Number of protein chains: 2
Amino acid sequence: MGNISCEREKEHQAAAQRAKEGMLPDSDLEKICKIFQMLSDPGRLKIVSALMNGEMCVYHLTEVCGGSTSSVSHQLRLLRDNDIVKARRMGKNMEYSIADEHVREIVNMGVAHLHCEVDE
Amino acid sequence: MGNISCEREKEHQAAAQRAKEGMLPDSDLEKICKIFQMLSDPGRLKIVSALMNGEMCVYHLTEVCGGSTSSVSHQLRLLRDNDIVKARRMGKNMEYSIADEHVREIVNMGVAHLHCEVDE
DNA sequence: TGAACATTTGAATGATTATTCAATTGTATT
DNA sequence: AATACAATTGAATAATCATTCAAATGTTCA
């Protein structure tokens with residue numbers, strides 16, 4: 001190994017060393033991935049960004065986001081299982097809302113990245 | 001439509017109204033999704049978080065992240081095509097690095113979410 | 001030019017995933 | 001209890017995706 005010839009070899013080995021030492025355990029990486037995965041489908045992201053405006057029931061979510069009640073419900077189940085949204089029953093309806101502030105921040109960060117285009 | 005009976009019906013309609021008015025166009029939603037999608041695979045997230053420590057070549061990335069050179073290269077291609085990382089050639093090697101500050105922030109946010117557990 | 005190194009590519013496989021449709025559960029109303 | 005409304009579920013299909021292996025490209029050095 002290490003048979004690499006490159007001017008900046010030292011910096012790279014140092015970076016590699018830091019990366020190895022600081023690398024999160026796989027279990028953590030998988031948890032983080034799950035959050036991103038939940039936001040990586042247009043339909044789900046639409047639901048989440050709709051909920052950023054306040055609590056809503058499935059009926060309204062379907063009206064706002066389009067698609068069938070069933071597909072919205074399936075998406076909500078995934079979002080719920082992965083703690084992106086939370087739900088509570090109010091009579092016949094289920095009220096969905098954003099699970100916590102972190103989710104808001106992550107989504108807002110995605111939106112921010114959209115507007116501020118690439119630097120290089 | 002609108003035949004919903006629920007105590008908080010007014011709030012929900014207001015939220016739905018705001019959501020409709022403020023909803024990002026599909027093209028924007030898809031762009032944001034792409035970013036999240038890139039970070040939603042453990043292998044890719046590992047690569048990205050390794051690169052948070054500094055520029056590295058494919059050889060070192062493979063050493064740090066595991067897997068085959070080929071799979072790392074395939075993942076890097078996706079990350080590159082979607083502006084998560086950037087590359088430049090240095091002699092025989094390709095040097096990869098994080099594309100911009102936004103990517104760093106989004107990843108850091110994911111890590112932060114990990115430590116600060118659910119509020120409710 | 002040829003040999004060795006570093007990385008990329010393409011095609012193929014198997015695994016995950018979103019959506020649809022039909023059937024079902026839970027709740028309120030009469 | 002029966003009806004209607006709201007949401008969920010499960011199975012099936014089609015689409016997307018990560019990984020592998022073998023072959024190819026680009027680069028340096030003798």
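Just so it is clear, the values below take in all heavy atoms, side chains as well, and ignore hydrogens, waters and symmetry mates. In what follows, chains carry the letters A, B, and so on, assigned in the order in which the sequence lines appear, proteins first and then strands, with residues in each chain numbered from 1. Computed from a prediction, not measured in an experiment: that's the story for all the values here.
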Residues within residues 34-47 of chain A bordering DNA chain C, heavy-atom distance below 4.0 Å: A:Q37, A:D41, A:R44

Nearest-nucleotide comparison on DNA chain C, the residue closer to the 5′ end among A:Q75 and A:G91: A:Q75

Most 5' of B:Y96 and A:L78 on DNA chain C, judged by nearest nucleotide: B:Y96

Taking only side-chain nitrogens and oxygens of [X], does any of them come within less than 4.0 Å of OP1 or OP2 of [N]?
X     : N      : answer
A:S73 : D:dT8  : yes
B:R89 : D:dT27 : yes
B:R77 : C:dT9  : yes
B:N93 : C:dC5  : no

Options D:dA7, C:dT7, D:dT27, nucleotide nearest the side-chain atoms of A:Y59: D:dA7

Candidate nucleotides D:dT19, C:dT8, C:dT19, ranked by approach to the side chain of B:S71 - the nearest: D:dT19

Atom pair CG (B:L39) and CE (B:M109), whose distance is rounded to the nearest 0.5 Å: 13.5 Å

Distance, nearest 0.5 Å, that separates OH of A:Y59 from CD of B:Q13: 8.5 Å

SB check A:E21 A:R18 (cutoff 4.0 Å): no

Please report the distance, rounded to the nearest Å, between [atom1] in [X] and [atom2] in [N].
X     : N      : atom1 : atom2 : value
A:R88 : D:dA6  : CZ    : P     : 17 Å
A:H60 : D:dA7  : NE2   : C1'   : 15 Å
B:M90 : D:dT27 : CE    : C1'   : 13 Å
A:N82 : C:dT16 : CG    : P     : 15 Å
B:L76 : C:dA6  : CG    : P     : 16 Å
B:M94 : D:dT25 : CE    : P     : 17 Å
A:L79 : C:dA18 : CG    : C1'   : 13 Å
A:K92 : D:dT3  : NZ    : C1'   : 11 Å

I'd like to know if [X] reaches the base of [N] with its side chain such that a donor and an acceptor end up less than 3.5 angstrom apart.
X     : N      : value
A:S70 : D:dT9  : yes
A:H74 : C:dT17 : no
A:S68 : C:dC21 : no

Report yes or no: does [X] contribute a side-chain atom to a donor-acceptor pair with the main-chain N or O of [Y] at less than 3.5 Å?
X     : Y     : answer
A:N82 : A:I84 : no
B:S73 : B:T69 : no
B:D81 : B:L78 : no

Where at least one partner belongs to residues 32-59 of chain B, residue pairs that pass salt bridge (Lys or Arg N to Asp or Glu O under 4.0 Å), sequence neighbours excluded: A:R8-B:E55, A:D26-B:K46, B:E55-B:R88

Worked verdict on B:I35 versus A:F36 for side-chain contact (heavy atoms from CB on, under 4.5 Å): CA-CA 9 Å; B:I35 302 168; A:F36 291 134; over 6 Å; no

